[in-house]
Amino acid sequence: IVSDMGLDGVDLDFEYDVTPEAVTFLNEVTTGLRNNLPAGSEITHAPMDPDIMPNKPYYEQVLKVTGHQLDFLMPQYYNGYTRPVIDGIGGTGSGSVSALSHYTTIVDNIFGG
């Protein structure tokens with residue numbers, strides 16, 4: 001499909017119920033895409049921000065396992081723990097965590113800074 005339609009790659013937008021089966025699915029699909037897409041294709045994940053907090057399955061069992069195969073990680077900073085539109089990028093109030101501190105944790109701990 002990617003080649004036939006002239007697409008840049010594939011975005012995996014997985015929301016809710018990150019079960020053990022979902023972890024396996026996300027890791028297998030990500031690895032399968034990386035191994036089979038044309039050279040230069042991009043793979044992105046767009047998870048909800050609550051799912052990519054430390055000690056959550058998406059963070060610990062997906063990003064730490066296959067995060068290195070992603071070209072972009074695009075957290076959904078609009079329907080979870082962060083509220084950057086209301087609180088600003090570094091603030092809290094409406095959201096329980098600032099988008100900046102959340103993203104910095106991911107960058108440092110998953111992608112090595």
Query - More than 12 heavy atoms of other groups within 6.0 Å of Y59 OH - result: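 Result for OH/Y59: enclosed.
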Distance-only polar pair, side chains of [X] and [Y], donor-acceptor under 3.5 Å:
X: D13; Y: Q76; value: yes
X: T104; Y: S101; value: no
X: D49; Y: T82; value: yes

Distance check, rounded to the nearest 0.5 Å: [X] atom [atom1] versus [Y] atom [atom2]?
X: L37; Y: I1; atom1: CG; atom2: CD1; answer: 10.5 Å
X: R34; Y: S41; atom1: CZ; atom2: OG; answer: 7.5 Å
X: Y77; Y: M48; atom1: OH; atom2: CE; answer: 12.5 Å
X: L26; Y: L63; atom1: CG; atom2: CG; answer: 9.5 Å
X: D108; Y: Y103; atom1: CG; atom2: OH; answer: 11.0 Å

For the pair R83 (side chain) and T92 (backbone), establish whether a donor and an acceptor sit closer than 3.5 Å, ignoring hydrogens and angles.
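Here the side-chain-to-backbone pair does not exist.
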Any non-hydrogen side-chain atom of [X] less than 4.5 Å from a side-chain atom of [Y]?
X: V18; Y: K56; answer: no
X: T44; Y: L70; answer: no
X: Y58; Y: V23; answer: no
X: K64; Y: I110; answer: yes
X: V97; Y: M53; answer: yes
X: P57; Y: V62; answer: no

Measure across [X] and [Y] and return the closest heavy-atom pair with its distance rounded to 0.1 Å.
X: V2; Y: G9; result: CG2-O, 4.1 Å
X: L73; Y: P47; result: CD1-CD, 3.7 Å
X: G67; Y: F111; result: O-CE2, 3.3 Å

query: Are N55 and E60 close enough, and set up right, to give a side chain to side chain contact (heavy atoms under 4.5 Å, CB included), and what steps lead you there?
result: CA-CA 6 Å; N55 301 315; E60 300 293 337; 3.9 Å; yes
| field | Aromatic contact, F72 with H45 (centres under 6.0 Å) | value | no
Practice prompt. Please report the C-alpha distance between I52 and H102 in whole Å, then the side-chain angles of each, then the deciding distance to 0.1 Å, and finally whether the side chain to side chain contact (heavy atoms under 4.5 Å, CB included) criterion is met.
Written response: CA-CA 9 Å; I52 50 174; H102 181 255; 3.6 Å; yes
**Asked** What do the steps show when you test T31 against T66 for side chain to side chain contact (heavy atoms under 4.5 Å, CB included), and what is the final call?
**Response** CA-CA 7 Å; T31 300; T66 57; 3.7 Å; yes
In the single-linkage hydrophobic clustering (I, L, V, M, F, W, Y; side-chain heavy atoms under 4.5 Å), do V85 and I89 co-cluster?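 Cluster IDs for V85 and I89 differ.
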(message) In terms of relative ring orientation, are F14 and F25 parallel, tilted or perpendicular, with 30° and 60° separating the classes?
(response)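 If you compare the ring of F14 with that of F25, the planes turn out tilted.
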